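Remarks on the structure that follows.
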2 protein chains.
Amino acid sequence: MKAFAVPDRAKGVCSPPPMPLSPGRVDRTVDVLKALADPTRLQMIGMLKRAQQPVCICDFTAAFNFSQPTISHHMSKLRAAGLVEVSRKGIWSYYRLRPQLEPATRALMDVVG
Amino acid sequence: MKAFAVPDRAKGVCSPPPMPLSPGRVDRTVDVLKALADPTRLQMIGMLKRAQQPVCICDFTAAFNFSQPTISHHMSKLRAAGLVEVSRKGIWSYYRLRPQLEPATRALMDVVG
DNA sequence: CATACCCATTGACAAACGTCTATCGATGCG
DNA sequence: CGCATCGATAGACGTTTGTCAATGGGTATG
C-alpha cells in the first residue's frame, strides 16, 4: 500500500523530531476540547449560542432525557472550563456563554455548533 | 449572587425547550473533538499541519516519551476519526492530514494547533 | 414555622480511555 | 534461508468519564 508519495529516507534514520506547540497552549486547548467533546454539552453550548438571553438550567433539564443531577454535572464542567457563567435569580439559575473568551477559545466556540 | 441580568419568569414555568442541532452533525463533531482532545494527539496534528511532507510514524515515536504501541494507538484514533491517512513505503509508515475534509472538520482543524 | 420547589453535591457503578508489555506480520539484508 | 527492524495488534491494568439515586442547602409561599 502506497496511497501517496512519501519522502526518501535512509534505513533506520528518522528525521529530527519536529517541535510541537507551547505546552500551556496545548493543555488549555485540550481542556476546552474535552469540555465540548460530549453530545449533551455540545448541544448545551449550541443552545446558549442561539439564545438571546441567559437560559434557565431547568430548560436544559427539560430539553434532554437525563436526570437533573446529570444536567447539573455537565453544566458544571462547562463552567469549570470557563466557557459559561451562572447567575442566580431567586430559586433559578441562569447560564450564558462567558463573554471575553480568549481568542483561541472563542474561535473554537465559533466553529462548533 | 446575580452576576448579570436574567429574564423574568413565572413560578415553575420553564420556557419551551430550544431545539438543538441535527443529531448527525452533533455526533460527527463530537467524534472529531474526542479525537483531538488529548495532548499527544493534538500535538501530532500540529506536527502534521506544519509538515511539508508526510511524516514517518517513527518521528512521532521519537518526539514523544511514550512507547511505540501507544503512539501507534493514538495515530490509529486519528485515522479512525478520518483526520489522517497512511501510506507505507517498505518498512515505514507515513502519515499526513487527510485532504478533502468536510468543511466543518476542516474549520475545526484550522482553529486548533 | 412548615412545606414545596429548584439546583448543587455526594457516592456508587459500569463503560471508556491511556498506557504498558508482549507478540505478531511484513519487509529488507547478509 | 535466517535474522533484524518497523509498526500494528492483543491483553492487562489503573484512571477518568457519564450516569443515576439520594441527599442537602436556599428560597419562596401558605
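Source: prediction; values computed, not measured. What you see below is based on every heavy atom in this structure, not just the backbone, and it leaves out hydrogens, waters and symmetry mates. Reminder, nothing fancy here: chain letters follow the sequence lines and each chain counts from 1.
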Q. Taking protein heavy atoms under 4.0 Å as touching, what does nucleotides 11-24 of chain C look like 5' to 3' if B marks base contact, S marks sugar-phosphate-only contact and - marks none?
A. ------SSBBBB--

Without decimals, in angstroms, what is the distance between [X] [atom1] and [N] [atom2]?
X	N	atom1	atom2	answer
A:Ile91	C:dA4	CD1	C1'	8 Å
B:Asp59	D:dC6	CG	C1'	13 Å
A:Asp31	D:dT17	CG	C1'	15 Å
B:Met75	D:dT9	CE	C1'	17 Å
A:Met44	C:dC7	CE	C1'	13 Å
A:Trp92	C:dC5	CH2	P	12 Å
B:Ile71	D:dC6	CD1	C1'	15 Å

Could you list the residues that satisfy side chain to side chain contact (heavy atoms under 4.5 Å, CB included) with [X], not counting sequence neighbours?
X	answer
A:Ala51	A:Val55
A:Ser72	A:Gln68
A:Glu85	A:Arg96, A:Arg98, A:Pro99, B:Phe4
A:Thr70	A:Phe66, A:Ser67, A:His74

Q: Can you tell me which residue pairs pass the salt bridge (Lys or Arg N to Asp or Glu O under 4.0 Å) test with a partner in residues 31-40 of chain B, sequence neighbours excluded?
A: none

Q: Determine whether A:Leu108 and B:Leu108 make a side-chain contact, defined as any pair of heavy atoms from C-beta on separated by less than 4.5 Å.
A: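 Yes, side chains in contact.
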
(Q) Tell me every residue that passes salt bridge (Lys or Arg N to Asp or Glu O under 4.0 Å) with A:Arg79, counting only those two or more places apart in sequence or in another chain. (A) none

Q) At under 4.0 Å between heavy atoms, what does A:Tyr95 touch on the DNA or RNA strands: base, sugar-phosphate, or nothing? A) sugar-phosphate

Q. When we call it a touch if two heavy atoms are under 4.0 Å apart, what does B:Ser93 touch: a base, just sugar-phosphate, or nothing?
A. sugar-phosphate

Q: Quantify the bending of the helix from C:dC1-D:dG30 to C:dG30-D:dC1 as the angle between its end axes, each fitted on five pairs, to 10°.
A: 10°

Q: May I have all residue pairs that pass side chain to side chain donor-acceptor pair (under 3.5 Å) and include part of residues 104-113 of chain A, sequence neighbours excluded?
A: A:Glu102-A:Thr105

Q | A:Thr40: partners by side chain to side chain donor-acceptor pair (under 3.5 Å), with sequence neighbours left out | A |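 Result, side chain to side chain donor-acceptor pair (under 3.5 Å) vs A:Thr40: none returned.
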
Which atom pairs link the protein and nucleotides 11-13 of chain D when you take only N or O atoms and keep those under 3.5 Å?
none

**Q.** Nearest atoms (heavy-atom pairs only) where A:Val86 meets A:Ser93
**A.**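 Distance-wise, the nearest heavy atoms are CG2-CB, 4.1 Å.
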
Q.
To check you understand the geometry: which heavy-atom pair defines the closest contact between B:Val26 and A:Leu42, and what is its length?
A.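 Heavy atoms of B:Val26 and A:Leu42 come nearest at O-CD2, 4.0 Å.
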
